[in-house]
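Here, residue 1 is the first one in the sequence, and each next residue gets the next number. Indexing begins at 1, ligand by ligand and atom by atom, following the structure's order.
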Amino acid sequence: MNILVVGNGGREHALAWKLGQSPQADRVFVAPGNAGTDLDAENVDISATDFESLIQFAKQNDVGLSVIGPEAPLAAGIVDAFQAEGLPVFGPSKAAAELEASKVFCKEVLRNADVPTADYQVFRNGSSAKRFISDRYHTDTEDVPLVIKADGLAAGKGVIVCHNRKEALEAVDRLTSEQEFGTAGSQLVLEERLDGDEASLIAITDGQTIVPLSPAQDHKPAFDGDTGPNTGGMGAYSPTALVDEKMLSMIDEQVLVPTVHAMKRSRRPFRGVLYAGLIVTNQGPKVLEYNVRFGDPECQPLLMRLKTDLVTLFMATIEGRLDQIEPLEWDPRPAVCVVMASEGYPGSYEKGFPIRGLDEAEELENVKVFHAGTRLHNGDVVTDGGRVLGVTAIGSSISAAKLQAYKAVRCIRWNGAWCRKDISDKGLTYASE
Ligand SMILES: Nc1ncnc2c1ncn2[C@@H]1O[C@H](COP(=O)(O)OP(=O)(O)O)[C@@H](O)[C@H]1O
Ligand SMILES: [Mg+2]
């Protein structure tokens, strides 16, 4: 079977790499891909949002499975477009992808399905949100435990966690600024600020059966000790003891099952990856948000550990047969992914620096270097984004996997390369290994 992966990040490199290992896979194409996907699969020069050209390519190349990586094409209806042409495609419909594309819709589903989540209110414009804040909080010194979220997709920049009134009022102004957020901030969610550690629980569902993957943990802040500005994710590891067996079944019962049923009832059956962003409070796990695709970088350590054939899993999802597949098989060993980034990221950065030491890093045992922002230029792999590589290793313990991942990181260099040094350290605090 020929397979098409749509997207160009570390997640898509991991997907193409894992799908390519399937005995069912013939050619694996990635559109548009990066330097890493060009080495492990075949790049196709079509943008992830050019549905017409993607469909034409899939038809001409006998593609039997298309896998959509990022949220933007899903929210724009790529799955509906492929399905209308009779092409098998893995991912949620446009209507189901609203779960990520609209935080207002997500909160409504959570509330109606009685899923634990932060209390909230929706505002249709900035002035009513500011009036709410000023009516409720009268001084600049008191704690204002609010989180303010733009409704629409904002590439991880649409959420501001507030601590005082000034921050909250400024957050409203910022998120409703059309210049920065377009229409994403035309509605706002104001919600209660919760306290706890975060985990990602990613599940595959065909709208009926839910198959949770192993729990993972991302590291959003740029710098060590979870300081500095938020990023797309500076590293991840799996499994995490923050979510043990008992909590996993609690999440299944209280979060995943009611959500999938609610989506079915509202005639938006959910098929694809349902990613619950969770915060573990002292009242138990609560949902911060849903994503409708794999997390990047959580996908990298997860797929390094997954032994089950991904083509079988995705085809069963598309065909509504998830109830018939064997339980997932995992490598019990933990995997750690360290993101190497460009100087300046998550702010502005330069591109085009040649990357050295990739072969040396990949020769190390139990290491895979997934590419994110890279491209080939005159035979050289050069930097082409903020997050450049996801250096991933598997090991007998979290510490062993971490050690190996950083050993590989030390082989790789380019002008301005940097990474967090503490990826997975949080994992050691949840349970002794
Ligand atoms: N209610 C909340 N309480 C505390 N922190 C929150 C809350 N909602 C969001 N956050 C923080 O903001 C981050 C981003 O919020 P999220 O809802 O996941 O939006 P997105 O990923 O689309 O930016 C979360 O990972 C979490 O750290
Ligand atoms: Mg999030």
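- By the neighbour-count criterion of 12 heavy atoms within 6.0 Å, atom CD of Glu319 is densely surrounded, having more than that number from other residues, nucleotides or ligands.
- Using cut-offs of 30° and 60° for the angle between ring planes, the Phe57 and Phe29 rings count as perpendicular.
- Residue Leu153 comes nearest to Ala184 through the heavy atom pair O-CB, 3.6 Å, listed as atom of the first residue, atom of the second, then distance.
- Salt-bridge formation is not detected for the pair Lys107/Asp151: no Lys NZ or Arg NE/NH1/NH2 atom is positioned less than 4.0 Å from an Asp or Glu carboxylate oxygen.
- For the residue pair Val369 and Glu362, the shortest heavy atom distance occurs at N-OE2, 2.9 Å.
- A salt bridge is defined here as a Lys NZ or Arg NE, NH1 or NH2 lying under 4.0 Å from an Asp or Glu carboxylate O, and Asp331 with Arg305 fails to meet this definition.
- With rounding to the nearest 0.5 Å, the separation of CZ in Phe294 from CD1 in Ile68 is 13.0 Å.
- Phe370 and His13 have perpendicular rings, their planes meeting at more than 60° on a 0 to 90° scale where under 30° would count as parallel.
- Neighbours of the Mg ion (ligand 2) restricted to protein N, O or S atoms under 2.8 Å: the count is 1.
- Ile251 contributes atom CD1, which lies 7.5 Å from atom CG of Leu256 (distance to the nearest 0.5 angstrom).
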Output, or 'none' if empty, a list of ligand 1-protein atom pairs in which both atoms are N or O and the distance is under 3.5 Å, rounded to 0.1 Å.
from, atom 1, to, atom 2, distance (Å)
ligand 1, 1 (N), Glu191, OE2, 2.7
ligand 1, 1 (N), Glu192, O, 2.9
ligand 1, 3 (N), Leu194, N, 2.8
ligand 1, 8 (N), Lys149, NZ, 3.1
ligand 1, 8 (N), Glu191, OE2, 3.4
ligand 1, 17 (O), Lys149, NZ, 2.8
ligand 1, 18 (O), Glu289, OE2, 2.8
ligand 1, 19 (O), Lys103, NZ, 3.1
ligand 1, 21 (O), Glu289, OE1, 3.4
ligand 1, 21 (O), Glu289, OE2, 2.9
ligand 1, 22 (O), Lys103, NZ, 2.9
ligand 1, 22 (O), Glu289, OE1, 3.2
ligand 1, 25 (O), Glu198, OE1, 2.6
ligand 1, 27 (O), Glu198, OE1, 3.4
ligand 1, 27 (O), Glu198, OE2, 2.4

